[in-house]
Amino acid sequence: MTQPRAEYPRPQFVRPEWLNLNGEWQFEIDRSDSGLERGVRERELTQRIVVPFAPETELSGIEDVDFLEAVWYRTTVTIPADWSGKEAVLHFQAVDHDATVWVNGVEVVRHRGGFTPFSANLRHVAAPGEEATIVVRARDSHRGPQARGKQSQLYFNHSCLYTRTTGIWQTVWLEAVPTVHLKRPRITPDVAGSSFHLEVPVSANKPGYKIRATLKDADGEVTTAEVRADLDLAPRLTLQVPADRVRLWDTTDPHLYDVRLELIDAEGNIADSADSYAGLRSVSINGKAILINGKHVYQRLVLDQGYWPESLMTAPSEEALVRDIELSLAAGFNGARLHQKVFEERFLYHADRLGYLVWGEFGDWGSGVGDTGSDNQQPTASYVAQWLEAVERDYSHPSIVGWCPLNETHQLLHDRITQLDDVTRAMFLATKAADTSRPVLDASGYSHRVPETDVWDSHNYEQDPAKFAEQMADLVNDKPYGNTGGPEGKPISLAYDGQPYFCSEFGGIWWNAEKAAAGKSGNSADSWGYGQRVANEEDFYTRFAGLVDALLDNELMFGYCYTQLTDVFQEENGIYNFDRSNKLDVPRIKAVQERQAAYEKD
């Protein structure tokens, strides 16, 4: 069969010697998580699955949507003999949720978290030319606090929660690296200084070693820099861009420079090398404005949840990733909130090259333990660890213009510091420590619990454009609409303090022409949306224009995020159908959005 998802999975740190392990693996469901005791690790497995598609999906060949407490995978590969003298590193781009990996009977890595990559160096268990039998157990309980994103904890899909994703759902691959090698760099653009600052960790600080970085554009080499690699754990260097070669990255000209990294040994030989890229782009704050390259760029964002009917959270193909961005641009959006999911890195690569603005978000839903009172949400310390892995992976992507670790937390404010308070603050501070170049929103909608959050927002699904406009109008008086009321009117959010503000969820206009024609008018198991469904398609355009106009006319609001790009299962409020076919007159949607916003003063 044709190998699924055969493209290189880490486009911002590319080495030439690699082996894609996607395809058919042995597989077995372990519903009681007793497999280790029953000897499943040591034997052949009873089913076959197509990796990297989760067993709940059609494309996996399994399509089992019941609760999967644990699942097992097994495959045997031969490490290429021409990798002699190098070490093989085994990479998993994402496994949901708790993974343990054995190679040739030896445990090589454990990892918690369903959205971020992890790796294991196989130098002690398998050498080039040898076979490596890889066994993976993935545990994915539907009980207790766990970062699930939009995965339903009930058997059925309901409201805005969807079919679960268990086990391997992104590419598995091998990579050849020298014993002393480069690690993934951090590339920080410096628009004011017309330069890029690089931190390039190395696996060992060998005497006499150096790092050389070369910046290139379409006309060839722009600049180069070199620094000793034997003194600092993460050597730092600066690539200064001459004035006549400066070209900023933005939505209208998403220019990317190529970056070549080389590790030079004491004899002057290239010990390791990798290719990357970078965009020269700044994000800054002035009062209520978030500026891109010092300009008022209005952020016309769409909520993108990244689900497909045949493959759930895994894009069925590389082309599907590109198509979602193209569909969004065609409808007049210039970016997205990547909602309740850490997207595949190749999506960010295409956002980088297409000039598509992105807010990175963690799939934090799943921390609830009860009612909506004072202790209903209890995210764990692992949320912080998993989120930091995501920020580290995606740090160098120019398309990302903001971070949002949490979404719609809701818990009463009172005189006792709760676990949610601790974790919200920890995730905010950890993000600020990891990245000083982008704004951080402590929690999107509902419980803003960090006074110094860089950004403040609200979610407002009022469907009457006149009422919506009235609710959103008081930002000029520093009294913006907020999701501040909890049970019995008690506050769940700190007060607004003058930060940049946007309505980060609105619209969600519920429309399905076929079901409307059949007379279905209320929420049901197969059709769900926000508020009162529009009467007909023309009513959709009128409501959409009224809601969008209310925000475009607000000169103090830097952007918005419309819910949502596509229908997702029963949630039928997308611009497009779930299968990405046309649902509406897309040029009409685009025409509403493309008029100049009051915020766009430049």
Side-chain angles (χ1 to χ4, degrees), residues 1-11 13-28 35-36 39-55 59-62 71-95 99-111 117-138 167-184 203 270-275 314 318 344-346:
M1 70 184 212
T2 302
Q3 186 176 52
R5 300 306 306 275
E7 61 279 349
Y8 193 85
R10 193 186 58 196
F13 189 49
V14 179
R15 285 194 177 93
E17 294 180 296
W18 73 292
L19 182 65
N20 192 314
L21 303 185
N22 292 343
E24 186 176 86
W25 289 43
Q26 295 180 32
F27 179 76
E28 194 165 316
L36 194 61
V40 172
R41 187 186 71 184
E42 289 81 23
R43 63 166 171 81
E44 303 292 302
L45 305 181
T46 57
Q47 296 176 280
R48 299 294 182 270
I49 190 170
V50 178
V51 169
F53 302 112
L59 292 186
S60 73
I62 302 294
V71 293
W72 292 79
Y73 299 80
R74 183 184 185 95
T75 194
T76 298
V77 300
T78 299
I79 299 175
D82 60 5
W83 291 4
S84 179
K86 296 186 176 182
E87 299 169 347
V89 178
L90 175 62
H91 296 284
F92 294 85
Q93 290 303 107
V95 180
T100 307
V101 181
W102 296 266
V103 176
N104 292 343
V106 178
E107 183 180 319
V108 294
V109 66
R110 296 183 185 187
H111 181 262
F118 59 96
S119 305
N121 192 306
L122 304 186
R123 59 178 171 267
H124 298 306
V125 294
E130 297 179 349
E131 285 192 340
T133 297
I134 303 166
V135 176
V136 181
R137 179 192 61 196
I168 297 170
W169 68 277
Q170 289 186 34
T171 293
V172 185
W173 55 297
L174 284 170
E175 177 184 31
V177 301
T179 301
V180 181
H181 56 269
L182 301 164
K183 294 185 177 182
R184 182 162 182 155
S203 64
I270 298 175
D272 189 22
S273 63
D275 290 306
T314 311
E318 173 85 346
E344 301 176 45
E345 194 177 351
R346 287 205 68 88

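Because the structure is predicted, anything quoted here is derived from the model rather than measured.
- Of the residues listed (Val135, Val136, Thr100), the one engaging Arg41 in a side-chain contact (heavy atoms from CB on, under 4.5 Å) is Val135, and it is the only one.
- In terms of modelled atom types and a separation under 3.5 Å, the side chain of Glu28 and the main chain of Val40 share no donor-acceptor contact.
- Here the closest heavy-atom approach between residue Pro80 and residue Pro128 is recorded as O-CB, 3.4 Å.
- Inter-residue side-chain proximity for Trp173 and Gln93 is flagged as met; some heavy-atom pair is nearer than 4.5 Å.
- Closest of all the heavy-atom pairs between Arg137 and Trp102 is CB-CZ3, 3.9 Å.
- Under a 3.5 Å cut-off, the side chain of Ser60 and the backbone N or O of Phe53 do not form any donor-acceptor pair.
- A side-chain donor-acceptor contact under 3.5 Å links Glu44 and Gln26.
- Looking only at distances, no side-chain donor or acceptor of Asp275 sits under 3.5 Å from a matching main-chain atom of Arg15.
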Requested in this report: Go through the steps for Leu182 and Val177 under the test side-chain contact (heavy atoms from CB on, under 4.5 Å), then give the verdict.
Outcome: CA-CA 9 Å; Leu182 301 164; Val177 301; over 6 Å; no
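- Aromatic ring pairs are classed by plane angle as parallel below 30°, tilted from 30° to 60° and perpendicular above 60°; the pair Trp18 and Tyr8 is perpendicular.
- Checking side-chain atoms of Asn104 against main-chain N and O of Glu131 turns up a donor-acceptor pair under 3.5 Å.
- Aromatic ring orientation, Trp25 versus Tyr73: perpendicular (interplanar angle above 60°, classes split at 30° and 60°).
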Query raised in the report: What do the steps show when you test Ile134 against Val101 for side-chain contact (heavy atoms from CB on, under 4.5 Å), and what is the final call?
Result: CA-CA 7 Å; Ile134 303 166; Val101 181; 4.2 Å; yes
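- By the 4.0 Å N-to-carboxylate-O rule, Glu175 lies too far from Arg184 to be salt-bridged with it.
- Between the side chain of Asn20 and the backbone N or O of Arg5 there is at least one donor-acceptor pair closer than 3.5 Å.
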Requested in this report: Test side-chain contact (heavy atoms from CB on, under 4.5 Å) on Leu174 and Leu122 and set out the steps.
Outcome: CA-CA 10 Å; Leu174 284 170; Leu122 304 186; 4.0 Å; yes
